[in-house]
> 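Dumping the structure here so I can ask a few things about it.
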Amino acid sequence: MATYNPKSLKAEEFINDGEILATLEYAEQNKHNAALIDRILAKARPQKTEKGCVCQGLTHREASVLLACDIPEKVEEIYRIAEEIKLAFYGNRIVMFAPLYLSNYCVNGCLYCPYHMSNKHITRKKLTQEEVRQEVIALQDMGHKRLAIEAGEDPVQNPIEYILECIRTIYGINHKNGAIRRVNVNIAATTVDNYRRLKEAGIGTYILFQETYHKKSYLELHPTGPKHDYDYHTEAMDRAMEGGIDDVGLGVLFGLEMYKYEFAGLIMHAEHLEAVHGVGPHTISIPRVKHADDIDPDVFDNSIPDDMFAKIIACIRLAVPYTGMIISTRESQEVREQALRLGISQVSGASRTSVGGYTEKERPHDSEQFDVSDQRSLDEVVHWLMQNGHIPSFCTACYREGRTGDRFMSLCKTGQILNCCHPNALMTLTEYLVDYASEETRKTGFALIEQELSKIPNEKVRATAARNIADIKHSNRRDFRF
Ligand code: SAM
(Lines give C-alpha, C1' and ligand atoms only; values in the text may rest on other atoms or scores of the structure.)
Protein backbone atom coordinates (compact mmCIF):
# COMPACT_ATOMS: atom_id res chain seq x y z
CA MET A 1 0.00 0.00 0.00
CA ALA A 2 1.28 3.47 -0.91
CA THR A 3 2.24 5.80 1.95
CA TYR A 4 1.55 9.51 2.02
CA ASN A 5 4.37 11.71 0.82
CA PRO A 6 3.55 15.24 -0.40
CA LYS A 7 6.98 15.49 -2.05
CA SER A 8 6.57 12.34 -4.10
CA LEU A 9 5.89 12.60 -7.82
CA LYS A 10 3.68 9.52 -7.73
CA ALA A 11 -0.05 10.25 -7.74
CA GLU A 12 -0.90 7.60 -5.19
CA GLU A 13 1.65 8.97 -2.74
CA PHE A 14 0.84 12.70 -2.89
CA ILE A 15 -2.92 12.13 -3.21
CA ASN A 16 -2.94 9.28 -0.79
CA ASP A 17 -6.20 7.44 -0.19
CA GLY A 18 -5.13 6.25 3.29
CA GLU A 19 -4.23 9.80 4.33
CA ILE A 20 -7.52 11.17 2.99
CA LEU A 21 -9.54 8.55 4.86
CA ALA A 22 -7.56 9.25 8.05
CA THR A 23 -8.17 12.98 7.52
CA LEU A 24 -11.91 12.46 7.19
CA GLU A 25 -11.94 10.39 10.38
CA TYR A 26 -9.87 13.02 12.22
CA ALA A 27 -12.25 15.75 10.98
CA GLU A 28 -15.31 13.78 12.09
CA GLN A 29 -13.83 13.15 15.53
CA ASN A 30 -12.88 16.80 16.00
CA LYS A 31 -15.79 18.58 14.36
CA HIS A 32 -17.10 19.64 17.80
CA ASN A 33 -13.70 20.14 19.41
CA ALA A 34 -14.15 23.86 20.06
CA ALA A 35 -10.64 24.39 21.44
CA LEU A 36 -9.00 22.84 18.37
CA ILE A 37 -11.34 24.71 16.02
CA ASP A 38 -10.45 28.01 17.72
CA ARG A 39 -6.74 27.25 17.28
CA ILE A 40 -7.27 26.48 13.60
CA LEU A 41 -9.32 29.67 13.10
CA ALA A 42 -6.61 31.71 14.84
CA LYS A 43 -4.01 30.20 12.50
CA ALA A 44 -6.15 31.04 9.45
CA ARG A 45 -6.73 34.70 10.38
CA PRO A 46 -4.65 37.28 8.48
CA GLN A 47 -1.92 38.73 10.71
CA LYS A 48 -0.84 42.33 10.39
CA THR A 49 2.92 42.79 10.15
CA GLU A 50 5.13 45.79 9.33
CA LYS A 51 5.11 44.75 5.68
CA GLY A 52 1.35 44.28 5.50
CA CYS A 53 -0.88 41.28 5.98
CA VAL A 54 0.30 37.69 6.02
CA CYS A 55 -1.60 34.45 6.16
CA GLN A 56 -0.32 31.00 7.08
CA GLY A 57 -2.99 28.94 5.36
CA LEU A 58 -4.09 25.57 6.71
CA THR A 59 -3.10 21.96 6.24
CA HIS A 60 -5.57 19.56 4.63
CA ARG A 61 -6.32 18.09 8.07
CA GLU A 62 -7.00 21.46 9.67
CA ALA A 63 -9.12 22.66 6.76
CA SER A 64 -11.09 19.39 6.80
CA VAL A 65 -11.95 19.89 10.48
CA LEU A 66 -13.41 23.29 9.62
CA LEU A 67 -15.38 21.85 6.73
CA ALA A 68 -16.84 19.17 9.01
CA CYS A 69 -17.60 21.58 11.86
CA ASP A 70 -21.29 22.43 12.20
CA ILE A 71 -21.23 24.67 15.30
CA PRO A 72 -23.15 27.72 13.99
CA GLU A 73 -20.95 30.43 15.55
CA LYS A 74 -17.76 28.72 14.35
CA VAL A 75 -19.16 28.44 10.84
CA GLU A 76 -20.00 32.14 10.98
CA GLU A 77 -16.40 32.79 11.98
CA ILE A 78 -15.13 30.73 9.01
CA TYR A 79 -17.19 32.98 6.72
CA ARG A 80 -15.93 36.14 8.44
CA ILE A 81 -12.29 35.11 8.09
CA ALA A 82 -12.82 34.10 4.45
CA GLU A 83 -14.13 37.61 3.72
CA GLU A 84 -11.21 39.15 5.62
CA ILE A 85 -8.65 37.14 3.62
CA LYS A 86 -10.38 37.94 0.36
CA LEU A 87 -10.23 41.65 1.09
CA ALA A 88 -6.68 41.55 2.46
CA PHE A 89 -5.14 39.86 -0.60
CA TYR A 90 -7.49 40.39 -3.50
CA GLY A 91 -9.32 43.52 -2.39
CA ASN A 92 -12.59 44.16 -4.19
CA ARG A 93 -11.24 43.38 -7.66
CA ILE A 94 -12.80 40.59 -9.71
CA VAL A 95 -10.96 39.43 -12.81
CA MET A 96 -13.17 38.81 -15.84
CA PHE A 97 -12.77 36.09 -18.45
CA ALA A 98 -14.70 34.00 -20.97
CA PRO A 99 -14.27 30.42 -22.16
CA LEU A 100 -13.76 29.79 -25.87
CA TYR A 101 -14.68 26.31 -27.07
CA LEU A 102 -12.48 25.29 -29.99
CA SER A 103 -13.59 21.73 -30.62
CA ASN A 104 -15.87 19.18 -29.01
CA TYR A 105 -14.38 16.16 -30.74
CA CYS A 106 -13.32 13.80 -27.98
CA VAL A 107 -12.12 10.22 -27.70
CA ASN A 108 -12.80 9.88 -23.97
CA GLY A 109 -15.77 8.26 -22.31
CA CYS A 110 -16.32 10.62 -19.31
CA LEU A 111 -19.75 9.73 -17.94
CA TYR A 112 -20.62 13.31 -16.88
CA CYS A 113 -19.56 15.08 -20.09
CA PRO A 114 -21.72 15.39 -23.21
CA TYR A 115 -18.59 15.29 -25.38
CA HIS A 116 -18.06 11.62 -24.48
CA MET A 117 -17.28 9.54 -27.53
CA SER A 118 -20.42 7.41 -27.53
CA ASN A 119 -22.71 10.47 -27.62
CA LYS A 120 -23.81 10.14 -31.21
CA HIS A 121 -26.46 12.87 -31.28
CA ILE A 122 -24.42 15.88 -30.18
CA THR A 123 -23.25 18.04 -33.10
CA ARG A 124 -19.48 17.73 -33.42
CA LYS A 125 -17.68 20.91 -34.39
CA LYS A 126 -14.13 22.13 -34.67
CA LEU A 127 -13.42 25.77 -35.43
CA THR A 128 -11.38 26.65 -38.49
CA GLN A 129 -8.87 29.49 -38.03
CA GLU A 130 -11.32 31.84 -39.75
CA GLU A 131 -14.03 30.76 -37.31
CA VAL A 132 -11.62 31.29 -34.40
CA ARG A 133 -11.10 34.81 -35.75
CA GLN A 134 -14.85 35.47 -35.87
CA GLU A 135 -15.39 34.13 -32.35
CA VAL A 136 -12.53 36.22 -30.99
CA ILE A 137 -13.82 39.36 -32.69
CA ALA A 138 -17.24 38.72 -31.11
CA LEU A 139 -15.54 38.32 -27.71
CA GLN A 140 -13.40 41.42 -28.22
CA ASP A 141 -16.52 43.37 -29.19
CA MET A 142 -18.05 42.47 -25.82
CA GLY A 143 -14.90 43.76 -24.10
CA HIS A 144 -13.14 40.55 -23.12
CA LYS A 145 -9.35 40.57 -22.80
CA ARG A 146 -8.77 37.16 -21.21
CA LEU A 147 -9.89 33.78 -22.52
CA ALA A 148 -9.79 30.19 -21.37
CA ILE A 149 -9.63 27.95 -24.43
CA GLU A 150 -11.35 24.59 -24.13
CA ALA A 151 -11.18 21.48 -26.26
CA GLY A 152 -12.04 17.83 -26.04
CA GLU A 153 -9.22 15.29 -26.20
CA ASP A 154 -8.71 13.94 -29.70
CA PRO A 155 -5.17 13.43 -30.99
CA VAL A 156 -6.36 13.38 -34.60
CA GLN A 157 -8.92 16.23 -34.61
CA ASN A 158 -7.33 18.42 -31.90
CA PRO A 159 -3.58 17.71 -31.86
CA ILE A 160 -1.31 20.11 -30.00
CA GLU A 161 -0.43 21.77 -33.33
CA TYR A 162 -4.09 22.76 -33.74
CA ILE A 163 -4.23 24.23 -30.22
CA LEU A 164 -0.97 26.16 -30.84
CA GLU A 165 -2.26 27.47 -34.15
CA CYS A 166 -5.45 28.68 -32.45
CA ILE A 167 -3.41 30.45 -29.75
CA ARG A 168 -1.36 32.22 -32.43
CA THR A 169 -4.53 33.24 -34.24
CA ILE A 170 -6.14 34.55 -31.04
CA TYR A 171 -3.14 36.65 -30.00
CA GLY A 172 -2.85 38.00 -33.55
CA ILE A 173 -6.31 39.60 -33.74
CA ASN A 174 -6.59 43.30 -33.00
CA HIS A 175 -10.03 44.47 -33.92
CA LYS A 176 -10.80 48.15 -33.20
CA ASN A 177 -9.38 48.74 -29.69
CA GLY A 178 -9.77 45.06 -28.80
CA ALA A 179 -7.13 42.48 -27.97
CA ILE A 180 -6.99 39.17 -26.19
CA ARG A 181 -4.01 39.61 -23.91
CA ARG A 182 -4.07 36.39 -21.96
CA VAL A 183 -5.02 32.94 -23.19
CA ASN A 184 -5.44 30.32 -20.48
CA VAL A 185 -5.63 26.75 -21.67
CA ASN A 186 -7.92 23.95 -20.50
CA ILE A 187 -6.97 20.87 -22.50
CA ALA A 188 -6.38 17.27 -21.53
CA ALA A 189 -3.29 16.10 -19.68
CA THR A 190 -0.32 15.94 -22.03
CA THR A 191 3.46 15.49 -22.24
CA VAL A 192 6.24 17.71 -20.83
CA ASP A 193 7.23 18.55 -24.39
CA ASN A 194 3.72 19.72 -25.26
CA TYR A 195 3.54 21.79 -22.07
CA ARG A 196 6.82 23.40 -23.10
CA ARG A 197 5.29 24.28 -26.48
CA LEU A 198 2.24 25.80 -24.78
CA LYS A 199 4.53 27.85 -22.57
CA GLU A 200 6.47 29.06 -25.61
CA ALA A 201 3.17 30.05 -27.25
CA GLY A 202 2.68 32.49 -24.36
CA ILE A 203 -0.19 30.92 -22.46
CA GLY A 204 -1.28 32.23 -19.08
CA THR A 205 -2.54 29.48 -16.79
CA TYR A 206 -2.73 25.81 -17.67
CA ILE A 207 -6.00 24.58 -16.21
CA LEU A 208 -6.88 20.93 -15.71
CA PHE A 209 -9.68 19.75 -13.48
CA GLN A 210 -8.99 16.58 -11.57
CA GLU A 211 -12.75 15.85 -11.76
CA THR A 212 -12.41 13.50 -8.75
CA TYR A 213 -9.46 12.60 -6.56
CA HIS A 214 -11.09 9.29 -5.61
CA LYS A 215 -9.22 6.78 -7.75
CA LYS A 216 -11.85 4.04 -7.83
CA SER A 217 -14.59 6.52 -8.81
CA TYR A 218 -12.26 8.19 -11.28
CA LEU A 219 -11.68 4.89 -13.09
CA GLU A 220 -15.43 4.22 -13.21
CA LEU A 221 -16.30 7.74 -14.37
CA HIS A 222 -13.65 7.60 -17.10
CA PRO A 223 -14.16 4.07 -18.39
CA THR A 224 -12.51 4.52 -21.79
CA GLY A 225 -9.97 6.71 -23.57
CA PRO A 226 -6.63 8.20 -22.49
CA LYS A 227 -8.25 10.07 -19.61
CA HIS A 228 -8.88 6.69 -17.93
CA ASP A 229 -5.25 6.79 -16.72
CA TYR A 230 -5.65 8.28 -13.23
CA ASP A 231 -1.94 8.58 -12.53
CA TYR A 232 -1.15 10.32 -15.83
CA HIS A 233 -4.00 12.78 -15.22
CA THR A 234 -3.15 13.43 -11.56
CA GLU A 235 0.55 13.95 -12.29
CA ALA A 236 -0.15 16.37 -15.17
CA MET A 237 0.56 19.54 -13.17
CA ASP A 238 4.04 18.28 -12.31
CA ARG A 239 4.74 17.72 -16.00
CA ALA A 240 3.32 21.17 -16.81
CA MET A 241 5.67 22.72 -14.26
CA GLU A 242 8.57 20.68 -15.60
CA GLY A 243 7.69 22.11 -19.02
CA GLY A 244 8.07 25.63 -17.61
CA ILE A 245 4.43 26.54 -16.93
CA ASP A 246 4.38 27.91 -13.42
CA ASP A 247 0.78 29.08 -13.25
CA VAL A 248 -1.46 26.04 -13.02
CA GLY A 249 -5.15 25.85 -12.18
CA LEU A 250 -6.67 23.01 -10.18
CA GLY A 251 -10.33 22.05 -9.88
CA VAL A 252 -12.75 19.36 -8.83
CA LEU A 253 -16.06 18.67 -10.53
CA PHE A 254 -18.21 18.72 -7.40
CA GLY A 255 -21.09 16.29 -7.36
CA LEU A 256 -19.24 13.26 -8.70
CA GLU A 257 -17.83 12.03 -5.38
CA MET A 258 -18.17 12.82 -1.68
CA TYR A 259 -17.27 16.48 -1.25
CA LYS A 260 -15.24 15.92 1.92
CA TYR A 261 -12.98 13.48 0.09
CA GLU A 262 -12.58 15.89 -2.86
CA PHE A 263 -11.86 18.81 -0.59
CA ALA A 264 -9.06 16.99 1.25
CA GLY A 265 -7.63 15.79 -2.09
CA LEU A 266 -7.69 19.30 -3.53
CA ILE A 267 -5.83 20.83 -0.58
CA MET A 268 -3.33 17.94 -0.66
CA HIS A 269 -2.71 18.63 -4.34
CA ALA A 270 -1.99 22.28 -3.53
CA GLU A 271 0.35 21.22 -0.70
CA HIS A 272 2.12 18.84 -3.09
CA LEU A 273 2.78 21.58 -5.68
CA GLU A 274 4.11 23.86 -2.97
CA ALA A 275 6.32 21.08 -1.53
CA VAL A 276 7.80 20.03 -4.88
CA HIS A 277 7.84 23.22 -6.96
CA GLY A 278 7.90 25.88 -4.25
CA VAL A 279 4.67 27.43 -5.53
CA GLY A 280 1.07 26.41 -5.06
CA PRO A 281 -1.69 26.51 -7.68
CA HIS A 282 -2.36 29.89 -9.30
CA THR A 283 -6.10 29.20 -9.28
CA ILE A 284 -8.68 26.74 -8.02
CA SER A 285 -11.99 26.26 -9.84
CA ILE A 286 -15.05 24.84 -8.18
CA PRO A 287 -17.43 23.64 -10.92
CA ARG A 288 -20.53 21.60 -10.08
CA VAL A 289 -21.96 18.98 -12.46
CA LYS A 290 -24.71 20.43 -14.63
CA HIS A 291 -27.34 19.14 -16.95
CA ALA A 292 -26.12 18.73 -20.53
CA ASP A 293 -27.03 16.85 -23.68
CA ASP A 294 -27.11 13.15 -22.73
CA ILE A 295 -26.17 14.03 -19.12
CA ASP A 296 -28.56 13.96 -16.16
CA PRO A 297 -26.70 15.39 -13.13
CA ASP A 298 -29.09 13.55 -10.76
CA VAL A 299 -27.45 10.28 -11.78
CA PHE A 300 -24.48 11.30 -9.64
CA ASP A 301 -25.69 11.11 -6.08
CA ASN A 302 -23.14 13.44 -4.49
CA SER A 303 -24.63 16.78 -5.44
CA ILE A 304 -24.03 19.51 -2.88
CA PRO A 305 -26.55 22.12 -1.77
CA ASP A 306 -25.76 25.82 -2.13
CA ASP A 307 -24.96 26.38 1.56
CA MET A 308 -22.37 23.57 1.58
CA PHE A 309 -20.96 24.89 -1.68
CA ALA A 310 -20.47 28.28 0.01
CA LYS A 311 -18.77 26.61 2.98
CA ILE A 312 -16.39 24.73 0.67
CA ILE A 313 -15.42 28.03 -0.98
CA ALA A 314 -14.82 29.67 2.39
CA CYS A 315 -12.72 26.73 3.66
CA ILE A 316 -10.60 26.74 0.48
CA ARG A 317 -10.08 30.49 1.01
CA LEU A 318 -8.76 29.82 4.53
CA ALA A 319 -6.55 26.90 3.47
CA VAL A 320 -4.84 28.50 0.44
CA PRO A 321 -5.17 32.27 0.97
CA TYR A 322 -2.95 33.31 -1.94
CA THR A 323 -4.58 31.17 -4.61
CA GLY A 324 -7.08 32.79 -6.97
CA MET A 325 -10.53 31.20 -7.05
CA ILE A 326 -12.73 30.92 -10.12
CA ILE A 327 -16.49 30.57 -10.43
CA SER A 328 -18.12 30.05 -13.81
CA THR A 329 -21.55 30.71 -15.30
CA ARG A 330 -22.51 27.16 -14.31
CA GLU A 331 -23.71 28.97 -11.18
CA SER A 332 -26.62 31.38 -10.89
CA GLN A 333 -26.33 35.10 -10.13
CA GLU A 334 -27.47 34.44 -6.55
CA VAL A 335 -24.89 31.72 -5.86
CA ARG A 336 -22.15 33.81 -7.49
CA GLU A 337 -23.03 36.81 -5.35
CA GLN A 338 -22.36 34.97 -2.10
CA ALA A 339 -19.32 33.15 -3.50
CA LEU A 340 -17.71 36.46 -4.48
CA ARG A 341 -17.73 37.67 -0.89
CA LEU A 342 -16.28 34.42 0.41
CA GLY A 343 -13.18 34.33 -1.72
CA ILE A 344 -13.79 34.19 -5.46
CA SER A 345 -11.40 36.40 -7.43
CA GLN A 346 -12.29 35.51 -11.05
CA VAL A 347 -15.63 35.13 -12.82
CA SER A 348 -16.63 34.38 -16.36
CA GLY A 349 -19.25 36.54 -18.02
CA ALA A 350 -21.56 36.10 -21.02
CA SER A 351 -20.15 32.61 -21.58
CA ARG A 352 -21.27 30.32 -24.34
CA THR A 353 -20.20 26.72 -23.91
CA SER A 354 -20.87 25.64 -27.46
CA VAL A 355 -18.32 25.50 -30.25
CA GLY A 356 -18.89 28.62 -32.36
CA GLY A 357 -21.48 29.99 -29.92
CA TYR A 358 -20.34 33.61 -29.78
CA THR A 359 -21.05 34.33 -33.42
CA GLU A 360 -24.65 33.06 -33.19
CA LYS A 361 -27.40 35.60 -32.49
CA GLU A 362 -29.32 33.23 -30.22
CA ARG A 363 -27.54 31.01 -27.65
CA PRO A 364 -27.07 27.67 -29.48
CA HIS A 365 -27.56 24.42 -27.53
CA ASP A 366 -26.57 21.75 -30.04
CA SER A 367 -22.87 21.53 -29.14
CA GLU A 368 -22.95 22.93 -25.58
CA GLN A 369 -20.81 21.41 -22.87
CA PHE A 370 -23.24 22.23 -20.08
CA ASP A 371 -26.25 24.46 -19.40
CA VAL A 372 -25.31 27.99 -18.40
CA SER A 373 -27.22 29.32 -15.35
CA ASP A 374 -26.02 32.90 -15.48
CA GLN A 375 -27.01 34.02 -18.98
CA ARG A 376 -26.53 37.78 -18.58
CA SER A 377 -24.52 39.90 -20.99
CA LEU A 378 -21.03 41.06 -20.04
CA ASP A 379 -22.35 44.59 -19.59
CA GLU A 380 -24.97 43.32 -17.14
CA VAL A 381 -22.39 41.29 -15.20
CA VAL A 382 -19.99 44.25 -15.03
CA HIS A 383 -22.76 46.56 -13.84
CA TRP A 384 -23.98 44.05 -11.25
CA LEU A 385 -20.43 43.59 -9.90
CA MET A 386 -19.96 47.33 -9.48
CA GLN A 387 -23.34 47.73 -7.79
CA ASN A 388 -22.19 45.09 -5.31
CA GLY A 389 -19.01 47.00 -4.51
CA HIS A 390 -16.59 45.00 -6.70
CA ILE A 391 -14.22 46.33 -9.35
CA PRO A 392 -14.43 44.25 -12.52
CA SER A 393 -10.86 43.96 -13.76
CA PHE A 394 -9.74 43.15 -17.30
CA CYS A 395 -6.11 43.17 -16.21
CA THR A 396 -3.67 40.70 -17.77
CA ALA A 397 -0.47 42.42 -16.67
CA CYS A 398 1.12 39.87 -14.37
CA TYR A 399 2.25 37.17 -16.73
CA ARG A 400 3.11 39.75 -19.40
CA GLU A 401 5.40 41.43 -16.88
CA GLY A 402 6.90 38.09 -15.88
CA ARG A 403 5.05 37.98 -12.56
CA THR A 404 4.15 34.29 -12.65
CA GLY A 405 4.50 31.51 -10.10
CA ASP A 406 6.29 32.57 -6.94
CA ARG A 407 6.81 36.13 -8.27
CA PHE A 408 3.04 36.63 -8.37
CA MET A 409 2.72 35.07 -4.92
CA SER A 410 5.32 37.45 -3.54
CA LEU A 411 3.36 40.41 -4.94
CA CYS A 412 0.38 39.08 -3.02
CA LYS A 413 2.35 38.45 0.15
CA THR A 414 4.08 41.83 0.30
CA GLY A 415 0.83 43.77 0.04
CA GLN A 416 1.94 45.48 -3.18
CA ILE A 417 -1.34 44.57 -4.82
CA LEU A 418 -2.81 47.98 -4.01
CA ASN A 419 0.04 49.70 -5.87
CA CYS A 420 -0.08 47.32 -8.81
CA CYS A 421 -3.22 45.26 -9.36
CA HIS A 422 -5.54 47.98 -8.13
CA PRO A 423 -4.42 50.68 -10.62
CA ASN A 424 -4.26 48.03 -13.37
CA ALA A 425 -7.85 47.07 -12.60
CA LEU A 426 -8.98 50.70 -12.74
CA MET A 427 -7.18 51.36 -16.03
CA THR A 428 -8.53 48.22 -17.74
CA LEU A 429 -12.02 48.91 -16.39
CA THR A 430 -11.76 52.38 -17.95
CA GLU A 431 -10.91 50.72 -21.29
CA TYR A 432 -14.00 48.56 -20.95
CA LEU A 433 -16.24 51.50 -20.04
CA VAL A 434 -14.99 53.73 -22.85
CA ASP A 435 -14.97 51.10 -25.59
CA TYR A 436 -17.84 48.72 -24.79
CA ALA A 437 -20.14 49.68 -21.92
CA SER A 438 -23.73 50.90 -22.00
CA GLU A 439 -24.39 54.47 -20.88
CA GLU A 440 -25.64 53.40 -17.46
CA THR A 441 -22.71 51.06 -16.78
CA ARG A 442 -20.30 53.76 -17.90
CA LYS A 443 -21.77 56.27 -15.48
CA THR A 444 -21.62 53.87 -12.53
CA GLY A 445 -18.09 52.84 -13.52
CA PHE A 446 -16.59 56.30 -13.82
CA ALA A 447 -17.96 57.26 -10.40
CA LEU A 448 -16.49 54.07 -8.90
CA ILE A 449 -13.08 54.66 -10.49
CA GLU A 450 -12.93 58.20 -9.09
CA GLN A 451 -13.58 56.81 -5.63
CA GLU A 452 -11.18 53.88 -5.95
CA LEU A 453 -8.24 55.91 -7.27
CA SER A 454 -7.79 57.45 -3.84
CA LYS A 455 -7.10 53.99 -2.38
CA ILE A 456 -3.76 53.68 -4.22
CA PRO A 457 -1.24 54.27 -1.43
CA ASN A 458 1.79 55.32 -3.51
CA GLU A 459 1.39 58.94 -4.59
CA LYS A 460 3.41 58.55 -7.80
CA VAL A 461 1.52 55.44 -8.86
CA ARG A 462 -1.79 57.20 -8.11
CA ALA A 463 -0.84 60.18 -10.29
CA THR A 464 0.33 57.96 -13.17
CA ALA A 465 -2.86 55.88 -13.01
CA ALA A 466 -5.02 59.03 -13.07
CA ARG A 467 -3.06 60.34 -16.07
CA ASN A 468 -3.43 57.04 -17.93
CA ILE A 469 -7.14 56.90 -17.20
CA ALA A 470 -7.56 60.39 -18.66
CA ASP A 471 -5.54 59.28 -21.69
CA ILE A 472 -7.78 56.24 -22.25
CA LYS A 473 -10.86 58.45 -22.02
CA HIS A 474 -9.59 61.04 -24.47
CA SER A 475 -7.49 59.08 -26.93
CA ASN A 476 -7.10 55.64 -28.47
CA ARG A 477 -4.10 54.83 -26.31
CA ARG A 478 -4.64 51.51 -24.50
CA ASP A 479 -2.86 48.76 -22.58
CA PHE A 480 -1.20 50.78 -19.81
CA ARG A 481 0.05 48.60 -16.99
CA PHE A 482 2.17 48.51 -13.87
N1 SAM B 1 -10.81 17.71 -22.43
C2 SAM B 1 -10.15 18.48 -21.41
C3 SAM B 1 -9.95 17.60 -20.20
O4 SAM B 1 -10.03 16.40 -20.35
O5 SAM B 1 -9.64 18.07 -19.12
C6 SAM B 1 -10.85 19.77 -21.20
C7 SAM B 1 -12.03 19.70 -20.32
S8 SAM B 1 -13.59 20.25 -20.61
C9 SAM B 1 -13.62 21.13 -22.08
C10 SAM B 1 -13.70 21.34 -19.26
C11 SAM B 1 -14.31 20.80 -17.99
O12 SAM B 1 -15.72 20.86 -18.06
C13 SAM B 1 -14.05 19.38 -17.61
O14 SAM B 1 -12.79 19.24 -17.01
C15 SAM B 1 -15.19 19.06 -16.66
O16 SAM B 1 -14.82 19.23 -15.31
C17 SAM B 1 -16.25 20.08 -17.01
N18 SAM B 1 -17.51 19.44 -17.37
C19 SAM B 1 -17.70 18.40 -18.21
N20 SAM B 1 -18.98 18.04 -18.21
C21 SAM B 1 -19.64 18.85 -17.37
C22 SAM B 1 -21.00 18.97 -16.93
N23 SAM B 1 -21.95 18.14 -17.37
N24 SAM B 1 -21.30 19.92 -16.03
C25 SAM B 1 -20.36 20.75 -15.57
N26 SAM B 1 -19.08 20.70 -15.95
C27 SAM B 1 -18.71 19.75 -16.83
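All values below were derived from every heavy atom in this structure, side-chain atoms included, with hydrogens, water molecules and symmetry-related copies excluded. Just so you know, ligand 1 is whichever comes first in the structure, and atom 1 is the first atom listed for that ligand. Remember, it's a predicted structure, so these values are computed and weren't measured experimentally. We're numbering straight along the sequence, starting at 1.
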> Check each heavy atom of Pro287 against ligand 1 and say whether those closer than 4.0 Å belong to the side chain, the backbone, both or neither.
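Neither part.
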> Taking only heavy atoms of Glu150, which atoms of ligand 1 are found under 4.0 Å from at least one of them?
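Listed by number with element, the hits are 9 (C), 10 (C).
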> To which protein heavy atom is atom 17 (C) of ligand 1 closest, and what is the distance rounded to 0.1 Å?
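Ranked first by proximity to atom 17 (C) of ligand 1 is Arg330 NH2, 3.5 Å.
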> Arg352 and side chain to side chain contact (heavy atoms under 4.5 Å, CB included): which partner among Glu368, His365, Gln375, Arg363?
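With Arg352 as partner, Glu368, His365, Gln375, Arg363 yield a single side chain to side chain contact (heavy atoms under 4.5 Å, CB included), made by Arg363.
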> Nearest to atom 1 (N) of ligand 1 by heavy atom, Cys110, Cys113, Ala151: which?
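Checking each option, the heavy atom nearest atom 1 (N) of ligand 1 is found in Ala151.
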> Compute the centroid of each ring, for Phe394 and then for Tyr432, and state whether the two points are separated by less than 6.0 Å.
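Yes, ring centres under 6.0 Å apart.
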> Taking the six-membered ring of Tyr232 as reference, does the NZ or CZ atom of Arg239 fall below 6.0 Å from its centre and within a 45° cone about the axis?
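Geometry flag: set, cation within 6.0 Å and 45°.
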> Return yes if a side-chain donor-acceptor contact under 3.5 Å exists between Ser373 and Lys290, otherwise no.
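Yes.
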> Examine distances only and state if a side-chain atom of Arg330 and a backbone atom of Val289 form a donor-acceptor pair shorter than 3.5 Å.
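No, Arg330 side chain to Val289 backbone: no donor-acceptor pair under 3.5 Å.
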> Side chain, backbone, both or neither: which part of Lys290 has a heavy atom under 4.0 Å from ligand 1?
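Both parts.
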> Under a 4.0 angstrom heavy-atom cut-off, which atoms of ligand 1 come close to Asn186?
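Checking each atom against Asn186, I get 6 (C), 7 (C), 10 (C).
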> With a cut-off of 4.0 Å, which atoms of ligand 1 are near a heavy atom of Val289?
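Answer for ligand 1: 24 (N), 25 (C).
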> With a 4.0 Å cut-off on heavy atoms, is Pro297 in contact with ligand 1?
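Judged by the 4.0 Å heavy-atom criterion, Pro297 does not count as contacting ligand 1.
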> To check your reading of the model: name the closest protein heavy atom to atom 8 (S) of ligand 1, its residue, and the distance in Å.
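Answer for atom 8 (S) of ligand 1: Gln369 NE2, 3.1 Å.
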> Side chain or backbone of Asn108 under 4.0 Å from ligand 1, or both, or neither, by non-hydrogen atoms?
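For Asn108, no heavy atom sits under 4.0 Å from ligand 1.
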> Are the ring centres of His291 and Phe370 closer than 6.0 Å?
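Centroid separation for His291 and Phe370: 6.0 Å or greater.
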> Is there a heavy atom of Arg288 sitting under 4.0 angstrom from any atom of ligand 1?
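Per 4.0 Å heavy-atom rule, Arg288 contacts ligand 1.
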> Is there a side-chain contact between Tyr171 and Val183 in this structure, where contact means two heavy atoms from C-beta onward sitting under 4.5 Å apart?
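Contact flag for Tyr171/Val183 side chains = yes.
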> If we count only N and O atoms by modelled type, under 3.5 Å, do the side chains of Asn184 and Arg182 hold a donor and an acceptor together?
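The criterion, which ignores hydrogens and geometry beyond distance, is satisfied for Arg182 and Asn184.
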> Specify side chain, backbone, both or neither for Tyr112, according to which of its non-hydrogen atoms lie closer than 4.0 Å to ligand 1.
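The answer is both, backbone and side chain.
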> For residues His60 and Glu271, is any side-chain donor paired with an opposing acceptor at under 3.5 Å?
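A pair is found: one side chain offers a donor N or O, the other an acceptor, under 3.5 Å apart.
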> Does anything in residues 301-354 pair up under ring-ring contact (aromatic ring centres under 6.0 Å, His included), and if so which pairs, sequence neighbours excluded?
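Output for this query lists Phe89-Tyr322.
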> For ligand 1, which atoms, with element, lie under 4.0 Å from some heavy atom of Leu208?
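Here the atoms of ligand 1 in question are 5 (O).
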> Who's the nearest protein heavy-atom neighbour of atom 14 (O) of ligand 1, and how far?
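Sorting protein heavy atoms by distance from atom 14 (O) of ligand 1 puts Glu211 OE2, 2.6 Å first.
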> Just need the protein heavy atom nearest to atom 3 (C) of ligand 1, so name the residue and atom and give the distance.
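Result: Lys227 NZ, 3.6 Å.
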